[in-house]
Number of protein chains: 2
Amino acid sequence: MIRNLTEHDKEHLQEALVKSGQKVTPQREAVFTVLLAERDHPTVDEVFNRAREVMPGLSLATVYNCLETFVGCGLVRQVNHERESTRYCPNLAPHAHFRDKETGQVHDIELPPDVMKSLRSILPPGFDSEVIEISFLGRAQAKDSHSN
Amino acid sequence: MIRNLTEHDKEHLQEALVKSGQKVTPQREAVFTVLLAERDHPTVDEVFNRAREVMPGLSLATVYNCLETFVGCGLVRQVNHERESTRYCPNLAPHAHFRDKETGQVHDIELPPDVMKSLRSILPPGFDSEVIEISFLGRAQAKDSHSN
DNA sequence: CTTGCGGATTAGACTCATTCTAATTGAGTT
DNA sequence: AACTCAATTAGAATGAGTCTAATCCGCAAG
Ligand SMILES: [Mn+2]
Ligand SMILES: [Mn+2]
Ligand SMILES: [Zn+2]
Ligand SMILES: [Zn+2]
């Protein structure tokens, strides 16, 4: 189920790319569309397979390139858990990641400002941090998967 | 500068190994000694090179095996930053990791119980987490390196 | 002692996610 | 029509980590 980009998302993509001196291409649109379609933190291969359905000639190398470009211009975040394949997340709000040990699914966990603050406060003087990564490992009750 | 294990550390090693049905071997002692000698979160290769100085016949495979064993019986933690080589940490107290963007050094950051609590509290109902990993990326002022 | 057992160690082959290389494409320009 | 230059592409290369199969060795039984 890959819907097209909304006007808003298209502008978001275009603005970020153009702002960093890069071009909007059909491949980049396709990959970005895949990322927005499901918020399930897909791996490169998953993105590749989904995007191929709509753009059969797309190459894996290009998926790597697109995702790297998006990370570079702040459109998506990389998500790493242990040594597994890198996953990609288009949620730009500050959030942590919860990895379900059973299913492997990755869920976003909202990160309230006061928690962020208390985290920064544990840094000793002289330590200055731009990026904080928080990841949980455990089990999550099933709920349902239409969490798009 | 690889000192020998203290009696206390030797007992710690032996207890953890025996408790999980495994043997104390010279290789395991050497690798554990290396880990305790410097709290700098060495990679497998760094552990290998340091341990070889005191046990020249030691193989890389064995270092992988020892470290896996130690992780399995809770003697050390793995530390991953992005896609870099896994590092190893013998600090069993709850702590976060700070990675210096400039030097690559990894520093332990103490994690007070109230911060742990506020972190657990952000999990929605139904989410149960055993492991929380927190890592900072940024710059740390030099201080000095005799932080053993 | 001598032998047998089973875990530990070892060298080297293998895996596979990611990166690199070099050739090709194609949209926009001269 | 030719040029330019980023983007795309296929395939090779990389390298941390894992696997395999042979050897080692401490210990216990005979
Ligand atoms: Mn789940
Ligand atoms: Mn530092
Ligand atoms: Zn996310
Ligand atoms: Zn540590």
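Note on naming: letters A, B, ... go to the chains in the order of the sequence lines (proteins, then strands), and numbering restarts at 1 for each one.
- Between Ser85(A) and dC16(C), a side-chain N or O to OP1/OP2 separation shorter than 4.0 Å is absent.
- For Leu75(B) against Leu92(B), the heavy-atom pair with the smallest separation is O-CD2, 3.6 Å.
- Note: CD (Gln22(B)) to C1' (dT9(C)) measures 14 Å, nearest angstrom.
- Atom CG in Asn65(B) sits roughly 14 Å away from atom C1' in dC24(D) (whole-Å rounding).
- Distances from the side chain of Ala61(A) to the nucleotides dA10(D), dT9(C), dT10(C) place dA10(D) closest.
- Of the side-chain N and O atoms in Arg83(A), none sit less than 4.0 angstrom from OP1 or OP2 of dA16(D).
- Considering only the side chain of Thr62(B), dT9(C) comes nearest among dT9(C), dT8(D), dT18(C).
- dG7(C) atom C1' lies 13 Å from atom CG of Leu17(B), rounded to whole Å.
- Ring-plane geometry between His8(A) and His12(A) is classed as tilted, the angle between the planes lying from 30 to 60 degrees on a 0 to 90 degree scale.
- Between the CG atom of Leu58(B) and the P atom of dC24(D) there is a distance of 17 Å, rounded to whole Å.
- Spacing between atom CZ of Arg28(B) and atom P of dC25(D) amounts to 16 Å, rounded to whole angstrom units.
- Between the OH atom of Tyr64(A) and the P atom of dA10(D) there is a distance of 15 Å, given to the nearest Å.
- Here the shortest heavy-atom pairing between Ser129(B) and Phe136(A) reads OG-CD2, 3.5 Å.
- For Ser59(B), taking side-chain heavy atoms from C-beta onward, the closest of the listed nucleotides dA10(D), dA16(D), dT10(C) is dT10(C).
- Looking at heavy-atom distances under 4.0 Å, Thr43(A) makes no contact with the nucleic acid at all.
- Closest-nucleotide positions on DNA chain D for Cys66(A) and Glu68(B) were compared, and the one nearer the 5' end corresponds to Cys66(A).
- Neither OP1 nor OP2 of dG7(C) sits under 4.0 Å from any side-chain N or O of Thr25(B).
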Report, one pair per line, the protein and nucleotides 26-28 of chain D atoms (nitrogen or oxygen only) whose separation is under 3.5 Å.
none

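- In this structure the side chain of Ile122(A) reaches within 4.5 angstrom of the side chain of Pro112(B), judged on heavy atoms.
- Environment of CG in Asn4(B): sparse, with no more than 12 heavy atoms of neighbouring residues, nucleotides or ligands closer than 6.0 Å.
- Of the candidate nucleotides dT18(C), dA16(D), dG12(C), dA16(D) has the atom lying nearest to any side-chain atom of Asp45(B).
- Leu60(B) places its CG atom 10 Å from the P atom of dA11(C), with the value rounded to the nearest Å.
- The residue from Phe32(A), Tyr88(A), Tyr64(A) that alone fulfils the ring pair (Phe, Tyr, Trp, His ring centres under 6.0 Å) condition with Phe70(A) is Phe32(A).
- One atom, CG of Asn49(A), and another, P of dA17(C), lie 12 Å apart when rounded to the nearest Å.
- Between Glu130(B) and Lys101(A), the closest side-chain pair of non-hydrogen atoms falls below 4.5 Å.
- Among the protein residues, Glu84(A) comes within range of no part of the nucleic acid, since none of its heavy atoms lies under 4.0 Å from any strand.
- Checked against dT9(C), dA16(D), dT9(D), the side chain of Gln27(B) finds its nearest nucleotide in dT9(C).
- Heavy atoms only, all atoms of each residue included: Glu46(B) and Thr43(B) are closest at OE1-N, 2.8 Å.
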